[in-house]
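Below, chains carry the letters A, B, ... as their sequence lines are ordered, and counting in each starts from 1.
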Amino acid sequence: MHTVQKLAEEKGWRIVPKTNVSLLKNLNSVQRQAVEKIDGPNLILAGAGSGKTRVLTHKIAFLIQRKKVNPENILAMTFTNKAANEMKDRVEALLDIPLKKMWIGTFHSLFARILRKNCEKLGYHSNFAIYDEADQIALIKNIITEKNLLSQAIDAKSLRSKIKFIKNANISPEHVKFSSASISDDIFYDIYYTYQNRLQQNNAMDFEDLLLRSIDLFKLFPNVLDYYQSKFHYILVDEYQDTNRLQYDLIKLLSQKHHNISVVGDDDQSIYRWRGADIKNILDFETDYPDCSIFRLEQNYRSTANILNIAHSIISHNRNRMEKELWTKKEPGEKVTFILTNDAIEEASAIIYKIEQEIQQNELNFSDFAVLYRTNAQSRAIEEVLKNRGINYVVVGGIRFYERKEIKDVLAYLRTLVNPNDGISIRRIINYPARGIGETTIKKIEQFSIDNNISLFKAIEKIEEIESISSRTKSSIQEFYGLIKKYLNLKLKGDVSITELVSTLIGELGILTFLKQEGSLESLNKIDNIRELLNGINDFIVRNPHLTLEHYLENVALITDVDNWDTRANAVSLLTLHSAKGLEFPVVFITGLEEGLFPLSRQMSTDEDLEEERRLFYVGATRAKEKLYLSSALNRRKFGENTSGTISRFLNEIDKTLIEIEETYQARHIHLSQHSHQPKRIFKFDHGDENEAIYKPGILVKHPTFGKGVVRTVAGDDANMVLNILFEEVGAKKIVLKYCKLEIVR
DNA sequence: ACGCACCCGATTTTT
DNA sequence: TCGGGTGCGT
C-alpha cells in the first residue's frame with residue numbers, strides 16, 4: 001500500500017507531524033462527523049456560510065493524514081478553477097506538503113485530462129481543440145450555409161442552445177420535441193449530426209463533449225473505466241446541487257467500485273438550471289445512494305441574524321427544497337435596508353452615498369462592498385456614477401477577455417498551430433489580416449474539403465486542384481499556407497520559446513502596426529489587450545516551464561473571469577448574482593428588485609423558474625456579512641426606452657419587521673456630499689389587484705401580428721402579466737401583455 | 001473583395 | 001443605447 005510517508009521519502013518531502021487535535025479542532029460537531037465519515041456515500045448539506053469548504057478541505061486532509069490515503073487516489077471535483085485552487089491551497093496548508101498528484105479541478109478540466117490521454121480510442125487526437133460558444137455558433141452557421149438552409153432563417157444561436165440542452169441531458173435528439181421549433185425535426189437532426197461529425201473532423205470538442213465523450217470512453221472501453229474506478233478510492237464533489245445529468249452519470253460511473261463518494265451542496269443555492277443543472281440530483285441523493293449518510297450543516301458563521309432571516313423568509317416560499325434553516329450565534333445586527341428610487345442613476349447614487357456613509361462610520365474599505373445585479377447591463381449606470389465620484393471599482397464578468405475579437409483572432413492562430421484540423425480557427429484567420437481571400441473563395445475551399453472528405457487545412461494544401469479559383473487568389477492562399485507551415489515547423493523544432501514564437505508571429509502578421517495606424521481609441525485598446533495576452537502567455541510559461549502551448553490553450557478555454565479576479569485592489573466589486581456565489585462581503589447591495597428584472601421576466605412563467613430566481617436572491621443575500629441593502633428603481637431604461645415597473649414580489653415575501661425602508665433621492669442631480677438623508681413616506685408594498693385577471697386560460701384572443709389564439713397559461717401580476725398563448729397560425733408563444741395590443745375575442 | 005452606412009435587434013446567467 | 005449584421009456602391 002502507498003502511504004504518504006513512502007511518497008514523501010521518494011520525493012524528499014518534509015512531513016510535519018500534526019496532532020489529532022490540530023486537524024479537527026476548528027470544526028463544530030456536525031462538521032467533524034462529516035469529515036470523519038469517509039466510507040460509503042455521504043451527503044453533506046451545507047447551507048450558505050456553514051463551513052462547506054472547511055469540511056471539504058479537512059476531509060481531504062483527514063484522508064491523507066489520518067487514513068493514510070495516497071493523494072493519487074483522491075478525486076475532488078469543483079465547478080470553477082478558483083474553487084479548485086482554493087481547495088488545493090487550503091489542503092496543502094493543513095498538511096504542509098505539496099499535493100502534486102492529487103486529482104483536484106473542475107469537472108471540465110479533469111475530464112479533459114482523461115480524454116487527452118485516451119481520446120485516440122474514440123477517433124480524436126490528443127491535441128483536440130475546445131470550442132467555446134462563439135466557435136460553436138460559427139460552426140453551426142457554416143453548416144446552415146453549406147446545406148443551403150439560409151432561406152429558412154434558422155437562428156444559429158438558438159440551435160446551439162438546443163444542441164447543448166440535448167447533450168447536457170445525455171439523450172439523443174430524437175427524444176426531444178421542441179413544440180415551437182421554427183424548423184422541422186428532420187432538419188434539426190441533420191444539423192445536429194452534421195455538427196457532431198464536423199466537430200470530430202475538426203478534432204474539436206465543445207464543453208459538453210468533454211463530459212459526453214468521457215462517458216462514451218467509459219462505456220466503450222470498460223478497462224479504461226476500470227482503471228479510473230480503481231484509481232479513485234475517494235471521490236468528493238463540491239456544489240453538487242449544480243451538477244447536470246452528464247456530471248451525475250460520470251460521478252455514478254466512477255464511484256461504482258469503491259462507493260466512497262462524498263458530495264457537498266445546498267439545494268437552496270442551485271442556480272444553474274438553465275445550463276442543465278438538475279436540482280433533483282441533490283434532492284434525490286438518498287434514493288440514488290440508499291445507504292448514504294446525511295450531514296446537515298446549519299450553523300452559519302458568516303452573516304448576522306437579520307440577514308439570515310431575510311434570506312430564509314424568501315427561500316421558504318419555495319416548495320421544492322429540503323427543509324432546513326440556518327442559525328447563527330451572531331447578534332441580530334442592523335436591519336436590512338430597502339432603498340426605493342426613481343431610476344437607475346438615482347439607484348446608483350443612493351448606493352454610492354451609502355458606501356461613503358458606511359466607510360465613514362464603520363472604517364471600511366471600498367473592497368468591502370459588493371453591488372449585485374441580475375443582468376450585466378445594469379452595471380452601466382452604477383459604473384457611471386462610480387466614475388463620476390472617482391471611486392475605484394472592478395466589474396467581475398461582463399465582456400470576457402478571451403472572447404474579445406482581437407484576442408480570439410490571435411488565439412485562432414495559436415489554435416491552428418496546435419491543431420491544424422481546427423477548421424473554425426482557420427476560417428477565422430484565413431483572411432485576417434486581409435489577404436484578399438473572400439467569402440466565395442472560402443466556400444469553394446470548404447466545398448472541396450467536404451467533397452474529398454479532408455480537413456480545411458488539407459484542402460488549402462491542395463489548392464491547385466480547385467479549378468474555379470483564380471490564380472491570383474490561389475497565390476495568396478498559398479502564401480497563407482506557407483505562413484502557417486513555417487510556424488508549424490518552428491513550433492515542431494521547439495528551439496524557440498512559445499513567447500518568442502507568438503511575438504514573432506504577431507510581428508510578421510503586422511497586427512499591432514495596423515492597429516496603431518488606425519489610431520482610434522478602440523484600436524489602442526485592442527493593442528493593449530493583445531499585449532496583455534502576450535504577457536499572459538509569458539506568465540504562464542514562466543510559471544509552468546514544463547507545459548506547452550497545448551496546455552496554455554486548454555487553460556484559456558476553461559478559465560472564467562471570477563478565476564482571475566484580483567481581490568487585492570481596494571475597489572468596489574460589481575458583479576452578477578450568479579458570479580457572486582461562493583464569495584462574501586461585509587456589505588452587499590442587491591439591486592434592481594423589480595418585477596421583470598429580478599425576478600427576470602423570462603423566468604417568471606413557471607414555478608421552477610421562479611423558484612430558481614428565489615434561490616438566486618437567497619445566494620445574493622447570504623453573501624453579506626454585516627449589512628444588506630436592497631434597492632429598486634421604479635423607472636428603468638430597457639432597450640433604450642423608459643419603462644416603469646413595479647417592485648419585485650420578493651419584497652412582499654420578506655418579513656417586514658426585519659426591514660427598514662427608505663424612499664429617497666428625488667432629485668436628478670444629486671450632490672452626494674450635501675445630501676440630507678431622511679426616510680420619508682412609508683411605502684406600500686402590496687400592489688393591489690385591481691382589474692385582476694380578465695385573462696384566464698381558455699379565453700380566445702387576437703394579436704395584431706400572430707392572429708387568433710387561445711390563452712393557455714397566465715403568469716405574473718397584472719403589471720407584468722405573461723400569457724402563454726397557442727396561436728392558430730404560429731403555434732405557442734409567450735406574450736408580455738403590456739407590450740402588445742391584445743384583443744379579447746371571447 | 002472591401003468599405004461604409006444604415007437598420008434592426010437584443011439584452012440572463014457560463015464551464 | 002449600442003453593436004452586429006446586411007446590403008449596397010465602389
For this session: Take the protein atom CG of Leu577(A) and the nucleotide atom P of dT13(B), then report the distance between them rounded to whole Å.
Result: 11 Å
Problem set entry | Candidate nucleotides dC2(B), dG5(C), dT14(B), ranked by approach to the side chain of Trp274(A) - the nearest | dT14(B)
For this session: Report the distance from atom NZ of Lys157(A) to atom P of dT14(B), rounded to the nearest whole Å.
Result: 14 Å
For this session: Indicate whether the side chain of Gln378(A) and that of Thr375(A) have a donor and an acceptor atom separated by less than 3.5 Å.
Result: yes
Problem set entry | Rounded distance in Å - OH (Tyr373(A)) to P (dT13(B)) | 9 Å
Exercise. dG5(C) P sits how many Å from Ile137(A) CD1, rounded?
Worked result: 10 Å
Seminar exercise, completed: Among the nucleotides dC2(B), dA1(B), dG5(C), whichever has the atom closest to the side chain of Ala434(A) is dC2(B)
Exercise. Judged by modelled atom types alone, do Gln196(A) and Lys167(A) share a side-chain donor-acceptor pair under 3.5 Å?
Worked result: yes
Exercise. Which nucleotide sits closest to the side chain of Tyr272(A): dT15(B), dA1(B), dT14(B)?
Worked result: dT14(B)
Exercise. Looking across every strand, which nucleic acid part, if any, lies under 4.0 Å from Asn431(A) by heavy atom: base, sugar-phosphate, or nothing?
Worked result: sugar-phosphate
Problem set entry | Nearest-angstrom distance from the residue atom CD of Glu439(A) to P of dG7(C) | 14 Å
Problem set entry | Any Thr80(A) side-chain nitrogen or oxygen under 4.0 Å from OP1 or OP2 of dT15(B) | no
Exercise. Where the side chain of Asn376(A) is concerned, which of dC2(C), dA1(B), dT13(B) is the nearest nucleotide?
Worked result: dT13(B)
Seminar exercise, completed: note: Leu210(A), atom CG; dT15(B), atom P; distance rounded to Å ~ 13 Å
Seminar exercise, completed: When rounded to whole Å, the CD to P distance for the pair Gln136(A) and dT15(B) reads 13 Å
For this session: Indicate whether OP1 or OP2 belonging to dT13(B) is found under 4.0 Å from a side-chain N or O atom of Ser579(A).
Result: no
Exercise. Reckon Thr375(A) has a side-chain N or O less than 4.0 Å from the OP1 or OP2 of dT13(B)?
Worked result: no
Problem set entry | Stacked cation flag Lys443(A) on Phe448(A), 6.0 angstrom / 45 deg | no
Exercise. Looking for any heavy atom pair under 4.0 Å, which part of the strands does Ser109(A) touch: base, sugar-phosphate only, or nothing?
Worked result: nothing
Exercise. Picking from dT13(B), dC2(C), dT15(B), which would you name as closest to the side chain of Lys164(A)?
Worked result: dT15(B)
For this session: To the nearest Å, give me how far apart CD1 (Ile345(A)) and P (dT1(C)) are.
Result: 12 Å
Exercise. What nucleic acid atoms does Phe79(A) come within less than 4.0 Å of, heavy atoms only: base, sugar-phosphate, or nothing?
Worked result: sugar-phosphate
Exercise. What is the minimum heavy-atom distance between Arg415(A) and Ser425(A), and which atoms define it?
Worked result: NE-OG, 3.2 Å
Problem set entry | cation_pi(Arg116(A), Phe128(A)) dist<6.0 Å, angle<=45 | yes
For this session: Please figure out whether Leu600(A) or His108(A) has its closest DNA chain B nucleotide nearer the 5' end.
Result: Leu600(A)
